There are 2 protein chains.
Amino acid sequence: MAKQLTFKNLPHKTIERLSQYRRALLLCLSNGKTHIFSHEIAKIQHITSVQVRRDLMLIGYSGTLRKGYNIQELIDLIGNIIDSEEGINVAIIGMGNLGRALINYFTGKRHKLEIVAGFDTNPDKIGNTFSGVECHSITELNKIIKQKDIKVGIITVPADQTTETAKTLVKAGIKGILNYTPKPIDVPDDVYLEEYDMITTLEKVAFYVKMSDE
Amino acid sequence: MAKQLTFKNLPHKTIERLSQYRRALLLCLSNGKTHIFSHEIAKIQHITSVQVRRDLMLIGYSGTLRKGYNIQELIDLIGNIIDSEEGINVAIIGMGNLGRALINYFTGKRHKLEIVAGFDTNPDKIGNTFSGVECHSITELNKIIKQKDIKVGIITVPADQTTETAKTLVKAGIKGILNYTPKPIDVPDDVYLEEYDMITTLEKVAFYVKMSDE
DNA sequence: TTATCGCTGTTAAATTTATAACAGTGCAAA
DNA sequence: TTTGCACTGTTATAAATTTAACAGCGATAA
Ligand SMILES: NC(=O)c1ccc[n+]([C@@H]2O[C@H](COP(=O)([O-])OP(=O)(O)OC[C@H]3O[C@@H](n4cnc5c(N)ncnc54)[C@H](O)[C@@H]3O)[C@@H](O)[C@H]2O)c1
Ligand SMILES: NC(=O)c1ccc[n+]([C@@H]2O[C@H](COP(=O)([O-])OP(=O)(O)OC[C@H]3O[C@@H](n4cnc5c(N)ncnc54)[C@H](O)[C@@H]3O)[C@@H](O)[C@H]2O)c1
């Protein structure tokens with residue numbers, strides 16, 4: 001009997017890397033490449049080729065011995081694993097500098113993941129469209145989340161509005177939150193949460209720069 | 001003889017958490033709190049109190065038994081460890097949507113870490129000041145990096161300009177790079193590199209949302 | 001034809017990171 | 001004054017993640 005590949009217990013780090021592999025592979029494909037070796041992927045991602053082969057083993061993909069991995073096949077397989085078949089709709093709350101930068105960057109990049117609505121409190125923004133994403137009043141959030149079957153929310157409101165925004169999202173039945181404000185939030189266990197603060201990353205870089213000096 | 005605390009081999013994850021602890025502590029301080037327990041810090045950061053105590057043990061900080069940790073003292077100690085005494089200057093290359101959002105967010109947030117220059121190729125931007133940061137021509141990068149003793153660069157140029165920008169920075173003697181473009185870069189071993197792509201994070205959130213559905 | 005080379009796929013080992021377990025402490029209430 | 005309690009600090013254990021080791025394979029070329 002073949003090994004059961006459920007993908008339910010892939011390591012978290014592997015999930016992240018699969019997304020990164022795909023990004024790199026899409027670029028290679030657009031450059032006309034059709035096959036790639038594990039050590040080439042590794043170099044791009046600053047990791048080892050063993051790591052790459054191990055990850056691909058976990059998802060059950062086999063390359064050919066002489067030519068390496070078929071880029072298109074691998075892209076498709078990664079898609080089968082990390083994408084949701086029917087697609088996942090995303091909303092962004094807070095159409096300020098960061099929110100608009102993210103929308104502008106993300107829109108059209110992925111088939112199965114789409115930012116389908118923006119929300120704000122500022123009347124000057126409500127009703128406008130930014131990079132193809134319409135900005136709605138926050139008062140309509142609950143309605144539109146349900147209407148458009150939005151599962152994931154990205155929070156880019158001012159820090160002091162974060163807690164309230166998170167509550168609103170949870171109440172509307174959101175299943176995942178990506179919080180870009182510097183204010184950590186609390187969510188129920190059934191909501192998946194990621195938080196990111198650029199200052200932490202920048203301080204980490206600064207720390208290791210300082211260390212290399214000493 | 002007291003244990004030698006060099007901080008050179010603190011776990012990477014501990015470094016990240018120290019930055020996050022400080023962010024949380026600064027907020028608590030501004031709310032008038034003077035002391036805090038490990039489980040309170042833990043709750044904010046979505047980790048366990050053991051983790052917090054272990055991290056603080058590694059940096060040699062002791063709280064008082066009944067009142068917990070002195071917030072101001074802990075902030076100062078974390079600063080002594082992760083900040084560079086003389087401060088570190090940062091430049092941002094690419095004053096577009098994302099670059100300006102980051103500048104606007106970061107400016108004034110930390111004493112020992114300052115964005116002191118921006119660079120762009122667009123004549124409309126060069127000479128202007130954004131959130132207090134002056135935008136220079138990219139042709140002046142080398143000169144200004146040296147003049148202002150800039151050690152860290154943040155890359156927010158269009159993806160296809162990334163490789164070239166990274167090369168320019170390395171040649172100018174930069175010691176750390178934070179790359180926000182989706183194009184991974186290569187740097188020499190003595191340059192510390194962090195890369196971040198929002199799509200990876202968003203795809204991770206989407207993946208676990210999808211998984212919880214099945 | 002046979003040896004060599006540079007890949008892949010997989011199991012084993014090492015390292016890193018997180019969690020558990022528990023002794024020690026000082027206040028508070030009995 | 002003694003017992004319980006709610007913390008801290010530290011060592012021991014476990015889990016997650018990475019790296020190493022190596023067998024197998026197929027093209028290439030001697
Ligand atoms: N994680 C990072 O790396 C990073 C980087 C930059 C900014 N930030 C954070 O992101 C957030 C947004 O930053 P910005 O520069 O875009 O700020 P901004 O002021 O430009 O944008 C905030 C937007 O949110 C809207 N808003 C305010 N209250 C709201 C509410 N209750 N509901 C919905 N919308 C509301 C405002 O009208 C505005 O359009 C801030 O919290 C900032 O600290 C994070
Ligand atoms: N990591 C993330 O989460 C994330 C989010 C959004 C955008 N991005 C990426 O960040 C980058 C910037 O995005 P944006 O929305 O700000 O784009 P943008 O077009 O608004 O800004 C790019 C800026 O770079 C300048 N520029 C172009 N070539 C340059 C060069 N050679 N040297 C210096 N400056 C140059 C342009 O004049 C412009 O001002 C893009 O690569 C985008 O893909 C990343």
Side-chain angles (χ1 to χ4, degrees), chain A residues 1-21 25 28 33-71 73-74 77-78 200 204 207-208, chain B residues 1-5 7-21 25 28 33-71 73-74 77-78 200 204 207-208 211:
Chain A
M1 179 180 136
K3 196 188 288 183
Q4 180 78 17
L5 293 172
T6 107
F7 307 132
K8 283 242 175 188
N9 32 28
L10 286 173
H12 282 227
K13 289 287 177 72
T14 295
I15 298 298
E16 285 177 17
R17 281 191 300 263
L18 288 175
S19 166
Q20 290 164 358
Y21 297 162
L25 292 168
C28 291
K33 241 170 118 76
T34 62
H35 291 74
I36 194 166
F37 294 120
S38 63
H39 66 260
E40 294 178 291
I41 300 178
K43 179 131 198 299
I44 298 171
Q45 301 301 143
H46 317 300
I47 57 179
T48 66
S49 62
V50 189
Q51 183 82 267
V52 174
R53 291 203 300 279
R54 216 178 183 297
D55 285 334
L56 299 192
M57 184 192 82
L58 291 175
I59 65 172
Y61 185 65
S62 287
T64 60
L65 201 38
R66 277 306 279 186
K67 298 202 283 181
Y69 303 97
N70 179 306
I71 293 179
E73 273 180 27
L74 189 44
L77 177 58
I78 292 176
T200 294
K204 194 180 174 191
F207 174 79
Y208 285 107
Chain B
M1 179 178 138
K3 194 189 292 184
Q4 179 78 15
L5 292 172
F7 307 133
K8 284 240 175 189
N9 31 28
L10 285 172
H12 281 227
K13 288 288 177 71
T14 295
I15 298 298
E16 284 177 19
R17 282 191 299 263
L18 288 176
S19 167
Q20 289 164 357
Y21 296 163
L25 292 168
C28 290
K33 242 171 117 78
T34 63
H35 290 75
I36 194 166
F37 294 120
S38 63
H39 66 260
E40 294 178 291
I41 300 178
K43 180 132 198 297
I44 297 171
Q45 301 301 142
H46 317 299
I47 56 178
T48 66
S49 63
V50 188
Q51 183 82 267
V52 173
R53 292 203 300 279
R54 214 173 184 297
D55 285 335
L56 299 191
M57 184 192 80
L58 291 176
I59 64 172
Y61 186 66
S62 286
T64 59
L65 201 41
R66 279 304 281 186
K67 297 201 284 181
Y69 304 97
N70 179 308
I71 293 178
E73 272 179 25
L74 188 45
L77 177 59
I78 292 175
T200 294
K204 194 179 174 191
F207 174 79
Y208 286 107
M211 276 305 162

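Owing to the predicted nature of the structure, the values given are computational and were not obtained by experimental measurement. The sequence lines fix the lettering, A, B, ..., with proteins before strands; numbering per chain opens at 1.
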Worksheet item: When we call it a touch if two heavy atoms are under 4.0 Å apart, what does B/Ser49 touch: a base, just sugar-phosphate, or nothing?
Response: nothing
Got a second to check how far [X]'s [atom1] is from [Y]'s [atom2], nearest 0.5 Å?
X: A/Cys28; Y: A/Tyr21; atom1: SG; atom2: OH; value: 13.5 Å
X: B/Leu25; Y: B/Ile71; atom1: CG; atom2: CD1; value: 6.0 Å
X: A/Tyr69; Y: A/Arg53; atom1: OH; atom2: CZ; value: 6.5 Å

Worksheet, complete the sentence: A correct 5'-to-3' footprint of nucleotides 22-30 of chain D, with B, S and - meaning base, sugar-phosphate only and no protein heavy atom under 4.0 Å, is --BBSSS--
Closest heavy-atom contact between [X] and [Y]?
X: A/Ser49; Y: A/Ala42; answer: N-CB, 3.5 Å
X: B/Tyr208; Y: A/Leu10; answer: OH-O, 4.2 Å
X: A/Gln20; Y: B/Thr200; answer: CG-OG1, 3.6 Å

Under 3.5 Å between N/O atoms: give me all the protein pairs with nucleotides 12-20 of chain C, atom names plus distance.
| from | atom 1 | to | atom 2 | distance (Å) |
| --- | --- | --- | --- | --- |
| C/dA18 | OP1 | B/Arg17 | NH1 | 3.4 |
| C/dA18 | OP2 | B/Arg17 | NH1 | 2.9 |
| C/dA18 | OP2 | B/Arg17 | NH2 | 3.1 |
| C/dT19 | O4 | B/Arg54 | NE | 3.0 |

Item to complete: Keeping the roles fixed (side chain from B/Glu40, backbone from B/Phe37), state whether a donor-acceptor pair exists under 3.5 Å.
Response: yes
Return the value, rounded to whole Å, for the distance between atom [atom1] of [X] and atom [atom2] of [N].
X: A/Tyr61; N: C/dT8; atom1: OH; atom2: P; value: 11 Å
X: B/Phe37; N: D/dT8; atom1: CZ; atom2: C1'; value: 10 Å
X: A/His39; N: C/dG6; atom1: NE2; atom2: C1'; value: 9 Å
X: B/Lys67; N: C/dG26; atom1: NZ; atom2: C1'; value: 13 Å
X: A/Ile36; N: C/dT8; atom1: CD1; atom2: P; value: 10 Å

When the side chains of residues 57-67 of chain B are checked against the rest of the protein, which donor-acceptor pairs come out under 3.5 Å, sequence neighbours left out?
| from | atom 1 | to | atom 2 | distance (Å) |
| --- | --- | --- | --- | --- |
| B/Tyr61 | OH | B/Asn70 | N | 3.4 |
| B/Tyr61 | OH | B/Glu73 | OE1 | 2.8 |
| B/Thr64 | OG1 | B/Gly68 | O | 3.1 |

Discussion item. Looking at B/Ser62, I'd like to know whether one of its side-chain N or O atoms comes within less than 4.0 Å of OP1 or OP2 on D/dG9.
Written reply: yes
